[in-house]
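Notes to accompany the following structure.
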Amino acid sequence: MEEYTDVKKLFGCDVFNDRVMQERLPKKTYRELRKTIEEGSELSLEVADVVAHEMKEWAIEKGATHFSHWFQPLTGVTAEKHDAFITTPGNDGQILLSFSGKELIKGEPDASSFPSGGLRATFEARGYTTWDCTSPAFVRHDAAGGTLCIPTAFCSYTGEALDQKTPLLRSMEAVSHEALRLVRLFGNTTSKKVTPCVGAEQEYFLIDKEKWMQRKDLIYTGRTLFGAMPPKGQEMDDHYLGTIRQRISAYMKEVNEECWRLGVPAKTQHNEVAPAQHELAPIFAPANIAADHNQIMMRILKKVASRHGMRCLLHEKPFAGVNGSGKHNNWSLKTDDGINLLEPGRTPHENVQFLLVLTCILKAVDTHADLLRESAADVGNDQRLGGNEAPPIVISVFLGEQLQDVLDQLISTGTATHSKTGARLKTGVRTLPDFMKDAADRNRTSPFAFTGNKFEFRMVGSRDSISNCNVVLNTIAAEAFREAADRLEKAENFDAAVHDLIKEYAAAHQRIVFNGNGYAPEWEEEAKRRGLPVIPSMVDAIPALTTEKAVRLFEEFHVFTRTELESRAEIQYEIYGKAINIEARTMIDMATKQIIPAVVRYTTVLADSINAVKAAGPVDTSVQMDLLLKTSKLLKSTNSAMGKLSRVVDKISSYKEGRDRAVFCREKVVPAMEALRKPVDELEMLVDKEMWPMPSYGDLIFEV
Ligand code: ADP
Ligand code: MG
């Protein structure tokens, strides 16, 4: 028997959390630190010194030898540099273990090798990491031993954000400030802070490591660039929520335990739609902590897979023809005293504050749909979005029957008098308990769906940081709240003014609401008629970052400066160009060194067989001949498609890095890649499996 896991003991055992701080820190220090965490007051170096000392003592007890400022640069992955706690105070060969307040609050990684989009010339390499005391430090155990990881923000010498976290923290402050103004108008005098809360459901694939090693495309790009569909895909829906096999269960158990140790409240796990696809969701947390949790979780998913002889694929579309992976970003706004501003209550038509918040969000999403779309744009997501599985490429909001009805009443008659309620669910079986249904059903095709007391943004890619979309959600909500507060604070008759405002917003932004099937091809046409942005690819999405509308929005709330936005757009273009370049080169490499030689061998086998059979006597060789002709024809198409791809790839570097190069990749390289894939996938269906130079889709996703 496996030994029994005491979850309560395990949870957070490697985290320097509030309980540990209370136990370890002198009362005065604890109080001051809490004040900084809760109210954002400045942290003195004396407090930092005491905290650092206790943190070090605690970390050493946990087996840590090193500390590391852990940050999230714009590479899309986390970064860290490890320093041992040792110091050598004298010349006597003795060491001390030390960690100062200064080392805790400030780090200085050489920043010249991180993407900055032109923000920082290479010779001005200075970048600083600063302790984010609102996200707890933790000790991570791996092959390197124990490392005290300190969540930090990363800025340039001149204070520009070079990471995902800084703008997220800025946007959290902005939305808190404006949301508080709104709730004050409704007589709330007690709440001190409004925090965006986020729960990110993470999808992933697991495949066998031995097979992964035989696929250069998976190794270099994270996705398959070739691959014919096996006879069976996901059409039977037998994987979704299916029984989890033992090999996977054992993996999930360890993932959960590692997450729990680090305070990541991993909660829900299940098999997803595609074969070999799974999902893990933690309990929601404040947005910056949720973003950290998600990074920790992705790392654990990968690390534990390795231990189990598997690879965890976080790419948005590892396999064509079956569902890709995303991240559902559940988002709500909570006051420090526990009020969820997105909680409609049983009678939403009477909940004026909720209706105001809701219509503000409609306005925000309608006004900045392009930015929200951009926040989910990444190279892998181009393969996934709009593919009849993940959300479509058009941003819209799903409200559900109940809220739609309330808004309809408001728009048509000016007042909402009733809310539809959920009926009793009758199963027709007496032994099954009846219960009240929710007032609205779900819609799985909407990119931004109201799900009871939160919005679920479903567009984010599975590899991507959730920071981007939350920066956008927080800031656009802040803007709408501010505008509403500006008007309502001046109103003579508050009740009438708020009523008018809700009606005005609901009517003006109706077009963003879509409760129908987002996968239907008609929807894109309808969206165009409504004037909603239809943005097919990452390259088309990036310009949203630098429109005057975006610059004004982000500058007003001090989330991004114009320069920061321009640099981010530049980085996005660069990432796109580089990723496509790598994918194209990988295809050429595989086609040249593996696929074409294998097909040539196969045609030789066929030709030899024809000759041998013919020599043996008057026997029919038409089957072999037919195969040989088909194969040779496809081989020729492959070779010519490869020639074309090589020629466009050679031209990539002649385009200026940034937008020009990205546009060229999107317009010329991507189609040439698709053209090469087609004959190769057809060949895979013809060529003797024994001779095909890599594991097939069937081997990869059905035999984990
Ligand atoms: P679903 O029905 O979509 O599976 P769940 O209740 O399981 O919904 O929640 C999915 C994710 O949403 C989880 O990470 C959960 O913690 C998170 N979540 C639940 N309530 C909220 C909320 N009020 N704000 C933000 N996230 C939430
Ligand atoms: Mg969900």
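Just follow the structure's listing: the first ligand is 1, and inside any ligand the first atom is 1.
Not one N or O of W331 is nearer than 3.5 Å to an N or O of ligand 1, by distance alone. Of the N or O atoms in V198, none lie within a sub-3.5 Å distance of an N or O in ligand 1. Below 3.5 Å of separation, one finds an N or O of F284 facing an N or O of ligand 1.
Under the rule for a side chain to side chain contact (heavy atoms under 4.5 Å, CB included), the partners of A137 that lie at least two apart in sequence or sit in another chain are F16, M55, L148, I150, P151.
Ligand 1 places these atoms under 4.0 Å from at least one heavy atom of I283: 16 (O). Less than 4.0 angstrom separates some heavy atom of G199 from each of these atoms of ligand 1: 14 (O), 26 (N). Near N340, the atoms of ligand 1 lying under 4.0 angstrom from a non-hydrogen atom of the residue are 23 (N).
A salt bridge links R511 with D366; the closest basic N to acidic carboxylate O contact falls under 4.0 Å. Checked for salt-bridge contact, K253 and E257 meet the test: a charged N lies under 4.0 Å from a carboxylate O.
Proximity of H328 to ligand 1, defined as any heavy-atom pair under 4.0 Å, is not found for any part of the residue. In T268, neither the side chain nor the backbone holds a heavy atom less than 4.0 Å from any atom of ligand 1.
One N or O on the side chain of N256 and one on the backbone of M252 form a donor-acceptor pair closer than 3.5 Å. For R373 (side chain) and I535 (main-chain N/O), a donor-acceptor pair under 3.5 Å exists by modelled atom type.
Looking at heavy atoms from C-beta onward, K193 lies out of side-chain contact with T335 at the 4.5 angstrom threshold.
When H270, K454, Q202, E201 are checked for heavy-atom proximity to atom 8 (O) of ligand 1, K454 turns out nearest.
Taking the centre of each ring, H270 and H239 stay at or above the 6.0 Å mark.
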